Every structure is written in structure tokens, then in C-alpha cells.
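In what follows, a structure is listed as C-alpha cells, so that the remarks can point back to it.
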Amino acid sequence: MTNPQLGDWSSFEELDKLQQARLPELLDAAARSPFYRTRGVPATLAEAPLTTKADLRDAYPFGLLATGREHLATYHESSGSSGAPTASYYTERDWLDLAERFARKWVGITPADMMLVRTPYALMITGHLAHAAARLRGATVVPADNRTLAMPYSRVVRVLHDLGVTLTWSLPTDTLVWAAAASAAGYRPGADFPALRALFVGGEPVSAARKARIAALWGAPVVEEYGATETGTLAGECEHGRMHLWADRAIFEVLDPATGRLAGAGRGQLVVTPLYREAMPLLRYNIEDDVEVSYVDCPCGWALPTVSVLGRTAFSVGGLTQLGLETLVFELPADLGVLFWRARPSGGRLRVEIEVAERYRTAAVAGLTAAIGRAYGVEADVVGVPPGGLVPHGLLTATSDVMKPRGLFAEGEDWDKALRYY
């Protein structure tokens, strides 16, 4: 079956009909995998139990494979940020669906674009996904993997500037480090990179306040993406700043962890059933991300549910949340220059460190202390550290230190790097 394109329906009712029409093929595909064949595939999705991350780990490596291995295009594993990694795999047809979903950016991806991909290319899907989507739309890709010593921040800044990069894909935090590295190199992020027209971000929770600061720093819109290695892209941001679930490509439900009930909307954990998967069908897969889903009309015209991604329990401590604290940090006046922070409970109080220049330190510390007190009713020990205290200056200015293995060295030359390749 050909995947439907965005816009092939005009209402939530038509969207539901599209989903239901695809379900029988999906259930048939699931029955071909050892995992679901053993568990038993129900006649309807409503009868299916949840598939969990533990199920994926127990089925490692190919227990969920529904095709012959000769049909696979790629094999991936998750980052393991919330536990042991999980395996996932895709056929060429799966990859077309993956790339099409990622490419649904309201700013567009065109052959005229040069797109810097600054996320891992290894077993995780993220770098490969952006690369495939950019090539699908004819853009030029700059493969700037963020897990290689061959691409330090100084080189990222040079490439952004000299190549006239127009689009980027990275963690939100990385865009702030680029800005610091650009300043260290003598550039003005908002003025000296005129070709840059949008920054695509994903992979970590990001508040509206931080997105606004990033956009202001670079003078370009920040377009958020949401997904997982096991599923690919699940949602994207429209031009009005709302995140829309790609419900033409997957069925989304919300789990109430307290009751175990599933609903089509509301607040809870996101459960996803991808509708177009050959290699690894998933039925009611619990992403374990805390979300809020609603079906409301949006000025953008997309008849798609709206999602707010609240993060995971790993991003909260007691009554504090990372997004909440981040919002307070980035609501400080921009001219104080606070970009980097960290926090943790200490001795019954909250200790927060922010990187800030000495001339702004008193105002920044006082402002954040008061804001935390108002928002959470707790006393915080906010400490200002000098620039470089959280993100070392050497990280921003370091150059490539990559060599191929070698055995012969000149007299007096450092041969401790013999046979190394890094």
C-alpha cells in the first residue's frame, strides 16, 4: 500500500477512517513476528495488550522481526538513556516512511538547502534519519556527527559559516554550545551566519523559553521534532508552534499509569502503534514519555492531534522538573547571557549553578533565586560560576585531533600514539 501524504484527509473523522483501513494489514504483519506469534495477535487493536520496552529487550535481537533478514536495510539500537538499549530494524520501504515523516517541516527542505546533521550516526537512528530525509528532498548533507573527535565545535562553527549552512539538526543544547563557540571564534551568531534559516531540534526536553532564546541568538526559527529509535519521527512542529502527532502514520493513545486505562487524548504516557512497518510491527508500544494529547483545531490546518511532550520521570526530582527549572533560567533577561545551568538537591536545599559573567552575576543569581522560590516554594542556593565553569572554554576552541594508525616515527617524535585511531 502506498503511504498517504500529508493532506489526504481534512478532518479528524477522515483521519480515523484512514487509520482503521490500515489496521488489518498491520495486524497481519505483526502475526509474522515470533514475539507476537507467541503472544497471540487479537482481532482488533483494542484487545491488544501493551508492548513494553522490557518486551523489546527480552526479544533482542530479532524476536520482533516480521520479514526475512535479507529484506532488512538497517539495524539500530536505542541510546539506552533510560535503561538497557532496545533493538529496531527497518526495510527500504520502512525507510521511505521514516524519511517522509522527518521531512514534514513547515519551513520545508529543498534542493537549495545545505543541512548540517549534528546527531549520532552510529547505532541510533537519529543521524541516519535526518540524512535520509534531507536526501529525499534533494538537499546537500553535511554529516557532522556529534560523537566524533573529527568534528569539534570549532570545526562546526567554521562549517556553518564557510559553507553557508541553511538548516541544522541537533540537540537543543548543542545550538547553545555552537553560539558560545561562535563567539569564542569572533563571530556574532545572529549576524554572521546569514544563510541559516532554521534549526531543527529534538532528542531532549526543551521549553518554550529556551527555544525562544535559541531563535533569538541565531536569528532563525527553532523547529522541534519528537520521536524514538524504535519508531522514528512521531510528531513535528507547525508554523504556529504546536507539536502535531503524525496520526496518519500511527495510532496514538494515552495511558493512565495509575489505572492502566487507555484513551485517545488526555495526560499520561504515550502509546504508539505505527501503521506502516514491515520489518518490526509494534502494537500499542509504550514509549514511556509523559505527554498531553488533545484534538483541537489549529490555524495551520493540519487535522492532526496536538501533543505536549512533558518528558520522562528521569527528568524530574521530587516536585521539580527539568522543563520547569529550564523555563525559569531562560526567562532571565537575555542580556545577562545565561545559557548553561545545572541543579540538584543538596542537604535538603536545591543547589543551582549558572554560568554568567561577573558583571551580571549578582542580578542573575538574585533573579533566579526569587523565581524558583515563587514557582516551587523552595529555597535555592543559586551560584554563579564564571564563563567556562560549566562548558570549558577549551571545548569551544579545540581543533581536530585525529590520526590514522602508524608505526614509524621520527627521532624525538611522540610515539605514544602508535597504532591509535581516534
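Here the structure is a predicted model, which means the values were calculated and not measured. Scope of the values below: all heavy atoms of this structure, side chains included, with no hydrogens, waters or symmetry mates.
Counting heavy atoms from C-beta outward, Arg267 and Leu310 have side chains that approach closer than 4.5 Å. Side-chain contact between Glu288 and Lys53 is present, with at least one heavy-atom pair separated by less than 4.5 Å. Counting heavy atoms from C-beta outward, Met115 and Val165 have side chains that stay 4.5 Å or more apart. Using a 4.5 Å cut-off on side-chain heavy atoms (C-beta onward), Val272 and Leu282 make no contact. Counting heavy atoms from C-beta outward, Arg93 and His71 have side chains that stay 4.5 Å or more apart. Contact of the Leu275 side chain with the Gln19 side chain is registered, since non-hydrogen atoms from C-beta on lie closer than 4.5 Å. Proximity of Glu278 to Tyr90: side-chain heavy atoms (C-beta onward) are nowhere separated by under 4.5 Å. Residues His244 and Thr306 form a side-chain contact, since some pair of their non-hydrogen atoms from C-beta on lies under 4.5 Å apart.
Using a 4.0 Å cut-off between charged side-chain N and carboxylate O, Glu224 and Lys211 make a salt bridge. No salt bridge links Asp113 with Lys105; every basic N to acidic carboxylate O contact stays at or beyond 4.0 Å. A salt bridge between Arg101 and Asp97 is present, with a side-chain N of the basic residue lying under 4.0 Å from a carboxylate O of the acidic one.
Atom CG of Asp58 and atom OG1 of Thr86 lie 11.5 Å apart (nearest 0.5 Å). Thr175 OG1 to Leu217 CG: the interatomic distance, rounded to the nearest 0.5 Å, is 8.0 Å. To the nearest 0.5 Å, the span separating CZ on Arg249 from CZ on Arg277 amounts to 13.0 Å.
Using a 3.5 Å distance cut-off with no hydrogens or angles, the side chains of Thr52 and Asn286 do not pair a donor with an acceptor. In summary, the side chains of Trp95 and Thr74 do present a donor paired with an acceptor at a separation below 3.5 Å, with no hydrogens or angles considered. Residues Thr327 and Glu331 have side chains that never bring a donor and an acceptor to within less than 3.5 angstrom of each other. Residues Tyr89 and Thr67 bring no donor and acceptor atom of their side chains to less than 3.5 Å of each other. Side-chain atoms of Arg210 and Thr173 include a donor-acceptor pair closer than 3.5 Å. Neither side chain, Trp246 nor Thr233, offers a donor N or O lying under 3.5 Å from an acceptor on the other. In summary, the side chains of Asp174 and Tyr153 do present a donor paired with an acceptor at a separation below 3.5 Å, with no hydrogens or angles considered.
The two atoms that bring Ala398 and Ser154 nearest to each other are O-OG, 2.5 Å, heavy atoms only. Shown here for Trp106 and Pro221, the closest heavy-atom pair between the two residues is CZ2-CB, 4.2 Å. Scanning all heavy atoms of the two residues, the minimum distance from Thr91 to Ala279 falls at CG2-CB, 3.8 Å. Looking at every heavy atom in both residues, Val352 comes nearest to Ala343 through CG2-CB, 3.8 Å.
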side-chain contact (heavy atoms from CB on, under 4.5 Å), that's the test. Do Trp178 and Thr168 meet it? Break it down for me. CA-CA 11 Å; Trp178 300 346; Thr168 65; 3.7 Å; yes
Using side-chain contact (heavy atoms from CB on, under 4.5 Å), reason through Asp297 and Phe12 one step at a time and then give a plain yes or no. CA-CA 9 Å; Asp297 291 333; Phe12 292 130; 4.1 Å; yes
Decide yes or no on side-chain contact (heavy atoms from CB on, under 4.5 Å) for Asn146 and Ser170, but give the supporting numbers first. CA-CA 8 Å; Asn146 72 338; Ser170 70; over 6 Å; no
Assess whether side-chain contact (heavy atoms from CB on, under 4.5 Å) is satisfied between Leu325 and Leu350, documenting all intermediate values. CA-CA 11 Å; Leu325 286 174; Leu350 179 68; 4.2 Å; yes
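Environment of CG in Asp145: crowded, with over 12 heavy atoms of neighbouring residues, nucleotides or ligands closer than 6.0 Å. Atom CD of Gln20 has more than 12 heavy atoms from other residues, nucleotides or ligands within 6.0 Å. Around CZ of Arg261, the count of heavy atoms belonging to other residues, nucleotides or ligands within 6.0 Å does not exceed 12. Glu379 CD: 12 or fewer foreign heavy atoms inside a 6.0 Å radius.
The one candidate from Leu328, Ile354, Leu368 that meets the side-chain contact (heavy atoms from CB on, under 4.5 Å) condition with Trp341 is Ile354. Results of the side-chain contact (heavy atoms from CB on, under 4.5 Å) test with Leu245 over Val291, Ile251, Val293 single out Val293 as the only residue that passes.
Partners of Phe340 under the ring pair (Phe, Tyr, Trp, His ring centres under 6.0 Å) rule, at least two apart in sequence or in another chain, do not exist in this structure.
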